[in-house]
Amino acid sequence: MSVAKHFSRKYLREEVLPTPFCPGCFNGVVMNAMFKAMEELGIEDLRNFVFVSGIGCSSWIPNPLIRADSLHTLHGRAVAVATGVKLANPRLNVVVIGGDGDLVAIGGNHLLHAARRNMDLLVVMVNNMVYAMTRGQLAPTTPLGFRTATTPYGNFEPPINVAKLLINTNANYVARWCVSNFHKLKQSFKEALSEVSKGFRFIEVVAPCITYVVRYEGKTPGQKIKELREACVEVKSISEIDDVERRGKIAVGVFKKELKPGYVELYESYASRAREASQK
Amino acid sequence: MVRALLSGNEAVAEGALAAGCNFFAGYPITPSSEIMHYMARELPKRGGSFIQAEDELAAINMVIGASWAGARAMTATSGPGFSLMQEGLGYAIMTETPLVIVNVMRAGPATGQATKAAQGDLMQARWGRHGDQMIPVLAPSSPQEAYDLTIEAFAIAEELRTPVVVLSDEFIAHGREVVELREKVEIPSRRKPRDPSEPPFGSPDPRIAPPMPPLGEGYYVIVTGSTHNEYGYRDVHSFETHFRLVKRLVDKIRLNVDKLFRYEVLGDDDAEVAIVCFGSVSRSAKQALRMLRSRGVRAKLLRLVTLWPMNDEVVRRELRSAKTIVVPEMNLGQLIYDVQRLAREDSRIVAVNKVGGGIPIYPSEIVEAALGGSR
Amino acid sequence: MGCSIVVDSRLCKGCGICVELCPARALELSKELSPSGYRNPVQTGKCVGCRTCEMFCPDFAIAVVCNGKGSA
Amino acid sequence: MRSIAFLGRGGQGIVFAGEVIAETLFEQGLYVAQLQSYGAEVRGGSVLSYVVFDRDRVENPFIESFSLAIVLHEAGMRRWMKHLEGSDLVILDELVSAELRNAVKLPISRVCVEKGVLGRENVVAIGVIAASGVLDPSVVERVLSRKRGFEKNIEALKLGLELGRDVADRVAAVLRL
C-alpha cells in the first residue's frame with residue numbers, strides 16, 4: 001500500500017513542496033477548499049485551467065505550487081493579464097488568486113472594470129488584512145485601530161468592504177467566507193467553477209495573516225480559526241450585512257448569484273453583428 | 001499589390017492585420033487613437049479580439065495575457081501611456097512574451113502638447129524599464145514604413161520572443177501618404193517545446209529564443225516576472241540564475257544586432273558632411289542632403305531605421321570621413337549621444353533641435369547647420 | 001474499524017491547527033522534532049474520521065485513512 | 001513637386017479640404033502627402049492643412065512655402081506668415097484684411113452667403129483650384145460622393161469652378177507638374 005497523501009497533492013507540484021508559506025498560514029486552507037471543490041466536481045487535472053496571480057503571499061498559491069499553467073504577473077495586474085488570456089482563448093478556465101493589497105489597492109481599477117465587464121473570470125481574494133510579504137504594512141482592508149508597520153499608533157483609515165462594493169457592479173457572483181467556513185467556502189468554489197458558471201465571479205476569503213495579524217494578537221492559528229467561527233456570521237440577504245457588521249462581526253455568505261451572459265458571450269454576439277454589418 | 005492613401009496610424013493597423021494580429025487592447029490617447037479605432041472596426045469581424053482597457057497598465061497586461069494564450073497581440077499609445085506601459089514591458093521582457101507596442105511620439109514631458117509631433121521618447125524606448133534589459137526599437141519615417149515596420153516588428157517579436165517597439169510620431173501618424181500594401185505576409189508560427197522537458201526559458205544559444213509553450217495544452221508552464229530558471233521556477237536568491245537569465249535576455253537582442261539593425265545611407269562615400277537622423281525628420285534631411293550636394297558639398301545621410309540595438313561598427317564606418325556631422329532631431333538631443341560616442345574625435349557635431357508647436361525641422365535649417373562655420 | 005492519521009513529516013511545519021481543531025482530541029504535537037525541525041502531530045486518541053485536520057492542514061501534510069482508504 | 005495649402009479657422013473644414021484634394025490627386029495617379037496642423041480644440045483654433053504631390057514618391061512633406069495657398073480666415077495666417085510670403089500664389093478670401101504681394105482676393109465667403117451654401121467655403125475653394133484643370137472636376141465629384149453632405153458640396157463645387165475661371169491660368173501655372 002502506498003502511503004496515503006493529502007487530497008490536495010494531486011493538484012500540486014510535488015517538487016516545490018513544502019510550501020513557501022509561514023507555518024499555519026491560511027493560504028493552504030484556501031487551497032484545500034478550492035481543491036476539494038475541484039475533486040467533487042470531478043476535475044482530474046488542471047490542463048484547461050490558467051491561474052493568474054500578482055504579487056504578494058497569496059499570489060504564490062498558484063505559482064509554482066499548482067500543477068497547471070500559471071502566470072505570476074506584476075503587482076496589481078493579474079486581473080488585466082487574466083482578461084487578455086480569457087479573450088484570446090475563451091476555452092480556458094481562468095482563475096485569479098491574489099491578496100487584498102494586490103487586487104484592491106494597486107489593482108483596484110482592474111478589479112472594478114473586470115466586474116463592470118462581467119469578465120469571465122473567477123477572482124479569489126485572500127484577505128489577510130495587511131501587506132504581509134513586505135512585512136506588515138497597512139492594507140486597504142486593515143481594520144480600524146490595527147497596528148501595522150505604517151500605522152504604528154493604530155490604523156485610522158476606514159477599510160474598504162470589497163465584496164459589498166462588487167455587489168453593485170455587473171459581477172455575476174459575489175461571496176465572502178471566512179477561512180473557518182470550510183464547507184461553505186468549498187461550496188462557493190463549486191458554484192463558481194461549475195460548468196454553467198460564467199461572467200465575473202468573486203470569492204473573498206477572510207484569512208488573517210498568521211504572522212502580522214494572528215501572532216501580533218498573541219494567538220495560535222487554531223485559536224484564530226475558532227475565533228473566526230464565532231465572528232463570521234452568515235447572512236441570507238445583503239440587507240443583513242450592515243446589521244451584522246454594526247455588531248462588530250464579519251458578514252459572510254453568497255451575496256450575489258446571477259447567470260447573466262459574461263463578457264465573452266456578449267463579445268461574440270457583438271462580433272457577429274460586426275460581421276453582418278461588414279457583409280452589407 | 002494594392003495602393004492606398006493611408007495615414008501613418010492607419011498604415012500601422014493595416015500592417016498589424018497583414019501580420020496576423022488578432023488581439024488589440026488599448027486606451028485612448030492622442031495622437032495614436034486612430035490605430036485603436038481601426039482595430040476596433042476590423043478585429044471583431046475578422047475573428048479577433050479587441051478591448052478598450054481601463055488604462056494603459058491594463059492594456060499592456062491584457063496584451064501580455066493574450067500573447068501567452070496564443071494570440072498575435074499588440075497595443076498602441078503615446079508618451080504618457082508609454083510611460084505607464086514601461087512596467088508591463090519589463091514583465092514582457094522577463095517572461096519573453098512576444099508583442100508589438102507602437103508609441104506615437106508627441107511633445108512631452110507629462111501631457112505636453114498632445115497634438116504636436118516630437119521625438120523625445122528615443123531614450124525611453126531604449127531604457128525605459130528598470131533593470132538590465134534590451135528590446136528592439138524600429139522607427140518609421142513615413143506611412144509606408146509604418147506599414148512595413150509593423151509587419152517586421154511582429155516577425156521579430158515572434159522569432160525572438162520579445163516585445164518590439166515601433167516608434168512613430170504625430171507627423172507620420174496623421175499625415176496621409178500613398179502606401180503599397182502586400183498581398184500576403186507569412187510570419188512563421190511560434191515554436192512550441194517538443195515535449196514538456198524542453199525548457200521554455202532557457203536556450204544553449206543565446207541568439208535563439210527558447211520555444212514558447214501555449215497555455216491550455218498541458219505544458220503546465222510556470223510564467224513569472226521574478227528571476228526564474230530555464231523551467232520557470234522562481235529563484236530569487238542565486239547569483240548564477242539571475243546572471244544567466246538576464247545576460248541571455250540581453251544577449252538575445254544584442255547578439256542579433258546584424259539581423260536587427262536596419263539603416264539607410266545616401267550620398268557620397270567620402271562625405272565631408274554627414275547628416276544622422278531617424279523618423280520623420282529624415283524626410284527634411286533627405287531634401288537637405290540634395291540641397292548640399294547641389295551646392296557641391298560632398299555629403300551623406302545616415303538614417304537609422306533600427307534605433308536599438310545599435311550597430312556601433314556600421315555607424316562608426318559610415319561617419320569615418322565626416323568632418324561635420326549634423327544631427328537634426330525633434331527633441332533637445334538624444335540621438336546625438338550615439339553620434340558623439342561613435343564619430344571620430346576631431347569631427348564637428350552640430351545639433352539641430354526643435355520640438356513643440358507642430359513645427360517640423362526644415363531642410364534649410366539642416367543645410368544652414370551643415371554649412372555654418374564650416375572651414 | 002476506526003481511522004488513522006498519516007503525517008508527512010517532509011511537509012509538516014508543526015503549526016498545530018490539526019491538534020487544536022480535532023473534535024476528538026485525538027492528536028498531540030510530538031516531543032521530538034522532525035528532520036525539518038518541527039513538532040509533528042501524533043495520534044494519541046481515537047480518530048472519528050471527520051477529516052477536519054485534513055481540510056485545515058495548510059501544508060497538505062496530513063491524510064486520514066479509514067478502512068485503508070484515503071479521502072474520496 | 002507641388003503643394004496646395006488651406007489655412008483657416010477650426011470648423012471651416014480645412015482638414016476636409018486637404019483630404020479631398022489628396023484623394024483626388026491620388027486617384028489621378030499621383031503620389032501625395034497630406035499633413036495638417038491644428039490645436040487640441042475641435043473648433044475655433046488656427047488650422048493648416050496641405051497636400052504635397054509629385055509624379056514620384058514625395059521626398060519631403062515638410063515644406064517652407066506652398067505652390068498655392070488658400071486662406072479662408074485670418075486666424076489661420078498668423079503662425080504661417082513666412083510660409084505664405086514665400087509661396088508662389090496665395091488666394092485670400094476677400095474678408096481677410098491682410099495684404100500680401102503674391103495674393104489675389106476672391107469673394108469666396110460672399111458667394112457662399114449669396115448662393116445659400118454657407119459653411120461650404122472649403123468646397124468652393126476646391127472648385128476654384130479645379131477650374132485650373134489640375135484637379136479633374138469629375139474625380140473631385142467622385143471623391144465628394146463618398147463623403148457627407150454630397151449634394152450641397154456639388155453645388156459649392158460648381159460655384160467654385162465658376163469663381164475660379166478668372167484665376168485659372170495663374171493657378172495652373174503654379175500647380176502644373
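Since this is a predicted model, take the numbers as computed values, not measurements. A, B, ... follow the sequence lines: proteins, then strands. Residue 1 opens every chain.
Once rounded to the nearest 0.5 Å, the distance linking OG of A:S8 with CD of C:E54 reads 8.5 Å. Atom-to-atom distance recorded for A:F21:CZ and C:C15:SG is 13.5 Å, nearest 0.5 angstrom. Note that CZ of C:R51 is 10.0 Å distant from NE2 of A:H6, once rounded to the nearest 0.5 Å. Here A:F35 contributes atom CZ and C:F60 contributes atom CZ; the two are 6.5 Å apart, rounded to the nearest 0.5 Å.
At most 12 non-hydrogen atoms from other residues, nucleotides or ligands lie less than 6.0 angstrom from CD of A:E195. For NZ of A:K184, the number of neighbouring non-hydrogen atoms (other residues, nucleotides, ligands) closer than 6.0 Å is 12 at most. The neighbour count for A:R13 CZ, taken as heavy atoms of other residues, nucleotides or ligands under 6.0 Å away, is above 12. The environment of A:R215 atom CZ is sparse: at most 12 non-hydrogen atoms of other residues, nucleotides or ligands sit within 6.0 angstrom.
Distance alone, capped at 3.5 Å, is enough to place a donor-acceptor pair between the C:R10 side chain and the A:L17 backbone. A:K5 contributes no side-chain N or O that, together with a main-chain N or O of C:I62, makes up a donor-acceptor pair within less than 3.5 Å.
Inter-residue side-chain proximity for C:P58 and A:F26 is flagged as unmet; no heavy-atom pair is nearer than 4.5 Å. Counting heavy atoms from C-beta on, the side chains of A:K186 and C:M55 never come closer than 4.5 Å.
Contacts from residues 222-232 of chain A to chain C, taken as heavy-atom pairs separated by less than 4.5 Å, involve A:G222, A:Q223, A:I225, A:K226, A:R229 in sequence order.
The choice from A:T220, A:V30, A:I210, A:N32 that makes the most heavy-atom pairs within less than 4.5 Å of chain C is A:N32.
In plain terms, the two heavy atoms of C:I17 and A:P221 that are nearest each other are CG1-CB, 3.5 Å.
Scored by the side-chain contact (heavy atoms from CB on, under 4.5 Å) test, A:Q137 finds A:Y131, A:T134, A:A149, A:T150 as partners (sequence neighbours excluded).
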